[in-house]
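Before any comments, here is the structure.
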Amino acid sequence: MKRFKFSLDKVLSYDEYVKKRETDVLGRLQTEYRAIEARRDAAVQEDRAVKRQFLLDCERGQTAAKAVATARYIEELKRRIEDINVQLTRQAEKVEAQRQKLIQAARDVQVIENLRDRRYKGYQAAQVKYNERFIEGFVSNRIARDAEEVTHGIEG
């Protein structure tokens, strides 16, 4: 039986390479997203802690200078959290765009694999037909040879 050779093997291997590369990029983007998210969570926690401390200091009494400095710091934390939220939104968009690239790469691989499977099934069917014809030819040659031996045996 002949060895099946798929003519688009190079395309398939390239598409698999692209899919793996896109998967790696997606993983890296998701890691960056989680890091930004952790920075935001830390900033929110710090903001809450500073606000709590500010309220406690206000109840106990504090200097006006300290109150103004703390209020400015709270505003700075608020701006930092907003900036981080913008970064998080941009990163989420990058992750989604990369996810779409990965989906397309996976589709490309699947299309080539389906084509390979269909061609392999066609190849197998052709091989079965070839083997059947070979066996039929072998059997008919054998029958003809046996018949010839019988006729030679009767004449001789």
Side-chain angles (χ1 to χ4, degrees), residues 1-57 68-150:
M1 185 171 184
K2 298 178 191 171
R3 186 174 181 279
F4 176 71
K5 181 163 173 29
F6 183 59
S7 60
L8 296 175
D9 273 336
K10 291 285 186 190
V11 174
L12 180 61
S13 65
Y14 176 75
D15 284 349
E16 288 171 342
Y17 165 76
V18 168
K19 180 182 171 187
K20 183 183 179 326
R21 190 181 70 215
E22 298 298 343
T23 301
D24 293 343
V25 170
L26 179 62
R28 196 168 46 255
L29 289 173
Q30 287 174 331
T31 300
E32 291 171 9
Y33 180 85
R34 286 189 293 275
I36 294 170
E37 199 171 39
R39 279 193 356 239
R40 184 198 56 194
D41 292 344
V44 167
Q45 290 295 330
E46 184 180 359
D47 181 58
R48 288 179 185 155
V50 169
K51 284 180 180 176
R52 247 182 282 128
Q53 187 61 43
F54 179 70
L55 290 175
L56 286 174
D57 290 344
V68 169
T70 305
R72 283 186 185 154
Y73 185 64
I74 290 173
E75 286 300 315
E76 176 61 31
L77 282 173
K78 187 182 200 182
R79 267 185 262 140
R80 192 182 325 159
I81 291 170
E82 288 171 2
D83 289 346
I84 292 172
N85 281 334
V86 168
Q87 290 176 357
L88 204 56
T89 301
R90 287 183 187 150
Q91 191 67 22
E93 290 169 356
K94 287 179 184 179
V95 166
E96 186 55 35
Q98 187 61 33
R99 184 175 287 126
Q100 293 305 317
K101 285 182 182 179
L102 179 59
I103 289 170
Q104 185 58 45
R107 284 183 188 147
D108 292 346
V109 167
Q110 188 63 39
V111 165
I112 298 297
E113 285 177 345
N114 287 343
L115 180 60
R116 179 183 61 188
D117 291 345
R118 273 188 257 132
R119 285 195 178 167
Y120 184 66
K121 287 177 184 175
Y123 168 79
Q124 284 179 323
Q127 283 300 114
V128 166
K129 284 184 180 181
Y130 172 79
N131 290 340
E132 288 173 355
R133 282 192 306 243
F134 177 78
I135 291 170
E136 287 174 9
F138 181 76
V139 169
S140 64
N141 286 340
R142 179 75 178 175
I143 292 172
R145 212 174 329 138
D146 288 346
E148 189 176 300
E149 288 175 4
V150 168

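What you are looking at is a predicted structure, and each value in this text was computed from that prediction instead of being measured. The figures here come from the full heavy-atom set of this structure, side chains too, leaving out hydrogens, waters and symmetry mates.
One finds the CG atom of L77 at 4.5 Å from the CD atom of E46 (value rounded to the nearest 0.5 Å). Q91 contributes atom CD, which lies 10.5 Å from atom CZ of R34 (distance to the nearest 0.5 angstrom). Atom-to-atom distance recorded for I135:CD1 and Y130:OH is 11.0 Å, nearest 0.5 angstrom.
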Practice prompt. Using the side-chain contact (heavy atoms from CB on, under 4.5 Å) rule, take R52 and L56 through it: C-alpha gap first, then chi angles, then the decisive distance, then the call.
Written response: CA-CA 6 Å; R52 247 182 282 128; L56 286 174; 5.5 Å; no
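With a 4.5 Å cut-off on side-chain heavy atoms, V86 and E82 do not count as touching. Residues N85 and I81 have side chains in contact (heavy-atom distance under 4.5 Å, counting atoms from C-beta outward). Between T70 and D57, every side-chain heavy-atom pair lies at or beyond the 4.5 Å cut-off. Using a 4.5 Å heavy-atom cutoff, the side chains of D47 and K51 are in contact.
K78 is linked by a salt bridge (Lys or Arg N to Asp or Glu O under 4.0 Å) to nothing, counting only residues two or more places apart in sequence or in another chain. When the side chain to side chain donor-acceptor pair (under 3.5 Å) test is applied to Q30, no partner is found at least two apart in sequence or on another chain. Residues passing the side chain to side chain donor-acceptor pair (under 3.5 Å) test with D41: none are found, sequence neighbours excluded. Partners of R99 under the side chain to side chain donor-acceptor pair (under 3.5 Å) rule, at least two apart in sequence or in another chain, are E96.
Listed by first and then second residue, the salt bridge (charged side-chain N to carboxylate O under 4.0 Å, His left out) pairs involving residues 84-95 amount to none (not counting sequence neighbours).
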N/O donor to acceptor pairs below 3.5 angstrom from side-chain atoms of residues 11-27, sequence neighbours left out:
| from | atom 1 | to | atom 2 | distance (Å) |
| --- | --- | --- | --- | --- |
| S13 | OG | D9 | O | 3.3 |
| S13 | OG | K10 | O | 2.9 |
| K20 | NZ | D24 | OD2 | 3.2 |
| E22 | OE1 | Q98 | NE2 | 2.3 |
| T23 | OG1 | K19 | O | 2.8 |

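Annotation for R79: atom CZ counts as buried by contact number, over 12 foreign heavy atoms lying within 6.0 Å.
Counting only N and O atoms by type, the side chains of D108 and Q104 include a donor and acceptor under 3.5 Å apart. A donor-acceptor pair shorter than 3.5 Å cannot be found between the side chains of Q87 and D83.
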